[in-house]
Amino acid sequence: NGSYTAVVNMNNSLKRRIPGILTLSDEQINAPSAQLVTGDIDQNNILVTAFDNSARMLSVARQRVKLSKAVIKLRKMDIKNINFSDNTFDNIVATFVLCVIPKKIEQRALNELIRVAKPNARLYFLEYVYSDNKLRAFVMRITSFIPKLLFSIRFNTTYQLIKSNKLLSIKKTEFVYDDVIRLIVA
């Protein structure tokens with residue numbers, strides 16, 4: 001009778017809690033950790049399947065899993081071809097996924113996440129955005145080539161992708177770290 005949640009890309013944990021999302025490790029920023037949606041569900045009654053295509057990230061995540069009361073299964077998997085049946089998951093959590101994968105596959109990846117989500121599932125996304133502060137945004141824009149080269153980060157992309165998808169409707173957005181990391185709930 002528990003919730004079955006898919007977690008994609010276990011590569012970032014924020015120091016503070018994101019409303020509605022429990023991180024397995026609040027200790028370090030950028031610590032690989034599965035993030036799972038809990039809502040009002042007892043953590044002892046959650047089954048989580050977390051996947052990433054990086055063997056290194058999965059290795060570190062195995063250590064983090066030991067800190068959770070939830071049942072968490074880790075799998076190496078490509079987001080373009082999620083190896084689960086349609087309508088499998090009650091929740092999907094994709095942390096900094098759509099904003100770091102190549103633009104040419106972002107729609108395919110989103111379609112795969114939608115495919116494996118149950119009809120009334122909540123989908124949670126985190127994305128990097130340019131600040132509303134003019135000076136900060138200017139600095140971010142002129143230096144954005146650095147995170148793009150190092151981590152493939154593209155700013156302000158996930159929200160527009162979700163908004164343009166006819167199968168999703170955005171329920172909520174909020175900034176969870178200053179005005180540069182946005183949570184999108186669809």
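Keep in mind that the numbers below use all heavy atoms, side chains included, and drop hydrogens, waters and symmetry copies.
Rounding to the nearest 0.5 Å gives a distance of 5.0 Å between CG of L161 and CG of L110. In this structure, I114 CD1 and L167 CG are separated by 5.0 Å, a value rounded to the nearest 0.5 Å. Interatomic distance, CD1 of I105 versus CG of D78, reported as 6.5 Å (0.5 Å rounding). The structure places OH of Y159 at 4.0 Å from CD1 of I170, a figure rounded to the nearest 0.5 Å. Taking CG of N91 as the start and NZ of K118 as the end, the distance is 9.5 Å to the nearest 0.5 Å. Of the inter-residue distances, the one linking F84 atom CZ with E112 atom CD reads 11.5 Å to the nearest 0.5 angstrom.
The two residues A186 and I162 have their closest heavy-atom pair at CB-CG2, 4.0 Å. Residues L98 and A109 share a closest heavy-atom pair of CD2-CB, 4.1 Å. Residues D178 and F175 approach most closely at O-CB, 3.1 Å, considering heavy atoms. When every heavy atom of R182 is checked against every heavy atom of N156, the shortest pair comes out as NH2-ND2, 4.3 Å. Residues A137 and S131 come closest through the heavy atom pair CB-O, 3.2 Å. The two atoms that bring D179 and D132 nearest to each other are OD2-N, 2.7 Å, heavy atoms only.
Without hydrogens or angle criteria, R115 side chain to I82 main chain gives a donor-acceptor distance under 3.5 Å. The main-chain N or O of T157 is found under 3.5 Å from a side-chain atom of E127 such that the two form a donor-acceptor pair. Side chain of K76 to main chain of N53: a donor-acceptor pair is present (N/O by atom type, distance under 3.5 Å, no hydrogens or angles). Checking side-chain atoms of R154 against main-chain N and O of I101 turns up a donor-acceptor pair under 3.5 Å.
Hydrophobic clustering, with ILVMFWY side chains joined whenever heavy atoms are under 4.5 angstrom apart, keeps M140 apart from L135. Note on L150: it clusters hydrophobically with I181, by side-chain heavy-atom contacts below 4.5 Å among ILVMFWY residues. The hydrophobic cluster containing F145 also contains V180, counting ILVMFWY residues as joined when their side-chain heavy atoms lie under 4.5 angstrom apart, directly or transitively.
Side chains of V97 and F125 form no contact here, defined as non-hydrogen atoms less than 4.5 Å apart. Counting heavy atoms from C-beta outward, T158 and E106 have side chains that stay 4.5 Å or more apart. Residues S144 and Y130 have side chains in contact (heavy-atom distance under 4.5 Å, counting atoms from C-beta outward). The side-chain heavy atoms of V129 and F155, taken from C-beta on, include no pair separated by under 4.5 Å.
Ring orientation note: the planes of F96 and Y128 are close to parallel, at an angle under 30° on the 30°/60° scale.
Annotation: N120, atom CG; neighbour count of heavy atoms from other residues, nucleotides and ligands within 6.0 Å does not exceed 12.
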